Amino acid sequence: METQSPNNIRKIIHVDMDCFYAAVEIRDNPTLKGKPVAIGGPPDSRSVLCTANYEARKYGVRAAISSAMAVKLCPELILIRPNFYKYKEVSEQIHKVFRQFTDLIEPLSLDEAYLDVTQNRDFDGLATPIAKEIKRLITKETGLTASAGVAPNKFLAKVASDWNKPNGIFVVPPEKIEEFVLQLPLQKIPGVGKVTLEKLHQHHLKTCADVLNIGHQYMSDHFGKMGRHIHIRSQGIDDRPVTIEYPRKSLSIENTFSRDISDDKELLDEVDELIEDWFSRLIRYKERKNPSSHPYKFFIKIKTFDFQTHTVEQILPEDIIHEIWNKENLSNLAKEFFHQLFRQSRERNNAPLRLIGLGCRFNVKETRKEKNRQLNFLEKFEESKV
Ligand SMILES: [Mg+2]
């Protein structure tokens, strides 16, 4: 593993509320205390559960199973409709606590966030007492409990926050990374789903130690990109920064000419310049803000002298997505699209152009996933009310 001077070691805290939605409802209705509670639509609907408390989990009731299945497993289960507005309010209280310690906060959902407290000097710059104080203040402000993981990177901090749940804290100091990670079951690595896990088990790979023993080449040969990812995480390595903002949805630029242009050569020169400019912004964004974001859609736009706008938008083929940081591929693609639009515009009315623009849309995975989960839930929930 890369050796780092102590000055470069980051201090990341992952905070995760315990059974968040259910905990909020129980707080607001104490008669529910000690009873099995789940948040979801009625059992005769197609809805799935958002959360279940620990009493319900004893029966095998958990998030993502159907409400119908849940009451079959636990007939006395109390099902409560979700109130996302209320959860959002509590989420804001939690963030207020976070902001007392750092501005480097990356939310993963309403009740979960990464905090980078490397620069914080409270408690002699020690992250563990900071995490304890955050937990204490969250409980004081909201009446709810949170679990925290403290580690030098996001991956380990997230695994750690789950280690002593609920109302727990777990610390992975730099000198303990190896010991901690070696015994870790592979399903703890984010991105390793059921299918990958089964395949790993077929290869007799159960823990990070197994992966390190079998080696990088084997993982790459048998599991491709995912295998390389697992091998990196199995060493406890995760260089992803804590990013403040939600990932960008798109990045685009446009250029309005000082005078309308109809000459082909002149237009293509403008296109070259635009691509150049856009590409450097894209690289800057990727390096500084969000290394994990990949463009999945590409679009260009022109505006004619009479203010008519024409656009072309296309989902990028899988192979281009991975090659897109190659400038040549990218500009060829952009030029192809521009040619297409120029041709169409010429066929219509030979109109001179006043503006050209181009951009891409990113796959904002985590945010979208979370949003979809909530939307799906709401949709199903609405259906169930009919
Ligand atoms: Mg949670």
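Ligands are counted one by one from 1 in listed order, and the atoms in each one are counted from 1 as well. Side-chain atoms are counted along with the backbone in the values below, which use heavy atoms only and exclude waters and symmetry mates. These figures come from a predicted structure and were not determined experimentally.
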* Examine Thr51 and say whether one of its N/O/S atoms is closer to the Mg ion (ligand 1) than 2.8 Å. => no

* **Glu112 near the Mg ion (ligand 1) via N/O/S, less than 2.8 Å** => no

* Taking atom CD of Gln93 as the centre, does the number of heavy atoms from other residues, nucleotides or ligands within less than 6.0 Å exceed 12? -> yes

* Is any N, O or S atom of Asp18 under 2.8 Å away from the Mg ion (ligand 1)? -> no

* What N, O or S atom of Asp16 is found closest to the Mg ion (ligand 1)? -> OD1

* To do: Look at the aromatic rings of Tyr114 and His14 and report parallel, tilted or perpendicular, splitting at 30° and 60°.
  => tilted

* Structure fact -> Looking at Asp111, the N, O or S atom sitting nearest the Mg ion (ligand 1) is OD2

* Asked: Taking the six-membered ring of Phe299 as reference, does the NZ or CZ atom of Arg361 fall below 6.0 Å from its centre and within a 45° cone about the axis?
  -> yes

* Asked: Do Asp18 and Thr145 meet the criterion of a side-chain donor-acceptor pair at a distance under 3.5 Å?
  -> yes

* To do: I would like to know whether Gln187 and Lys194 meet side-chain contact (heavy atoms from CB on, under 4.5 Å); could you show each step before the answer?
  => CA-CA 8 Å; Gln187 60 266 36; Lys194 218 176 131 201; over 6 Å; no

